[in-house]
Colleague: 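I'd like to ask some things about the structure below.
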Amino acid sequence: AEHAMALALAVTRRIHKGYIKVRENNFSLNGLMGLDFHGKTAGIIGTGRIGAAMCRICHGFGMRVIAYDVYQNPDLDYPLSEVLRESDLISLHCPLTEASYHLINTETISLMKENVVFVNTSRGALVNTEDLIKGIRSRKFHGVGLDVYEEENDKVYEDLSGTILQSSTMARLLSFPNVMVTSHQGFFTREALEAISRITLENAAAFEKGETLENEVTK
């Protein structure tokens, strides 16, 4: 959730562009016009633990928070179409299922506000990348922040700095000045890795003792 907000702030305030400009001793403000989140509406799609944490973060910024989840949350639940239409910031926090595959597509993008900020830190295939690119080119988005993307399987966690990207889709995404892509690093904190290790060992110990597994995945 913190990484999602970091991406949202970076693309909203053009932090990635400002950093590069200043490194080249360019202190002009051209192309760096941002937006305030305070007083705007955040639309959170998926209200599990991470989505709920994102809701709290957005509340802390003084935003109105609305949300959609297939498992209804009585405190936050809105129809998906309403979340898409009313939100100034849209952030995805849902699993990839048959129902959610390409949840973001030409039709759902058309429902969004002009100048919306869009963030995806969940699963790449929630978004139809070609449709997203069309939306970016039509100036639908103020900014797009992606930590996941459809074509990441052969790239994620690999150093490809000395190679030429064969994917025109990724190359096009990286060419847009209002798009920021990170390397599937949303989970990558010291605290998260410690929690993963602890829970894994606790599950192994519970299994060995024949105890109920809290994190068991069933068919």
Colleague: Is it true that a side-chain atom of N203 and a backbone atom of I199 form a donor plus acceptor pair closer than 3.5 Å?
Modeller: yes

Colleague: Distance from M5 atom CE to F61 atom CZ, nearest 0.5 Å?
Modeller: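 Between M5 CE and F61 CZ, I get 4.5 Å after rounding to 0.5 Å.
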
Colleague: When you compare the side chains of S197 and T200, does any donor N or O come within less than 3.5 Å of an acceptor on the partner?
Modeller: no

Colleague: Please give the remaining members of the hydrophobic cluster of M33, linking ILVMFWY side chains under 4.5 Å, ordered by chain and number.
Modeller: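 None; M33 is a cluster of one.
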
Colleague: Ignoring hydrogens and angles, tell me if any N or O in the side chain of T41 forms a donor-acceptor pair with the backbone of D88 under 3.5 Å.
Modeller: no

Colleague: Testing the basics here: between D36 and R13, what is the closest heavy-atom pair and its distance to 0.1 Å?
Modeller: OD1-NH1, 4.4 Å

Colleague: Is E86 paired with K40 through a side-chain N to carboxylate O contact shorter than 4.0 Å?
Modeller: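 No salt bridge links K40 with E86.
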
Colleague: Taking the side chain from S87 and the backbone from M112, do they hold a donor-acceptor pair closer than 3.5 Å?
Modeller: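 The answer is no, because no donor-acceptor pair under 3.5 Å joins these two groups.
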
Colleague: Less than 3.5 Å apart, any donor N or O on the side chain of H184 or T121 sitting next to an acceptor on the other?
Modeller: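 No - no donor-acceptor pair under 3.5 Å links their side chains.
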
Colleague: How about F188: does its CZ atom have over 12 heavy atoms from other parts shown lying under 6.0 Å from it?
Modeller: no

Colleague: Do D131 and I133 make a side-chain contact, defined as non-hydrogen atoms from C-beta onward lying under 4.5 Å apart?
Modeller: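 D131 does not reach I133 side chain to side chain.
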
Colleague: With no hydrogens and no angle check, do the side chains of K134 and T106 hold a donor and an acceptor under 3.5 Å apart?
Modeller: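 Absent: no donor and acceptor within the cut-off.
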
Colleague: Okay, side chain of N128, backbone of H102: is any donor-acceptor separation there less than 3.5 Å?
Modeller: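 Answer holds: no.
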
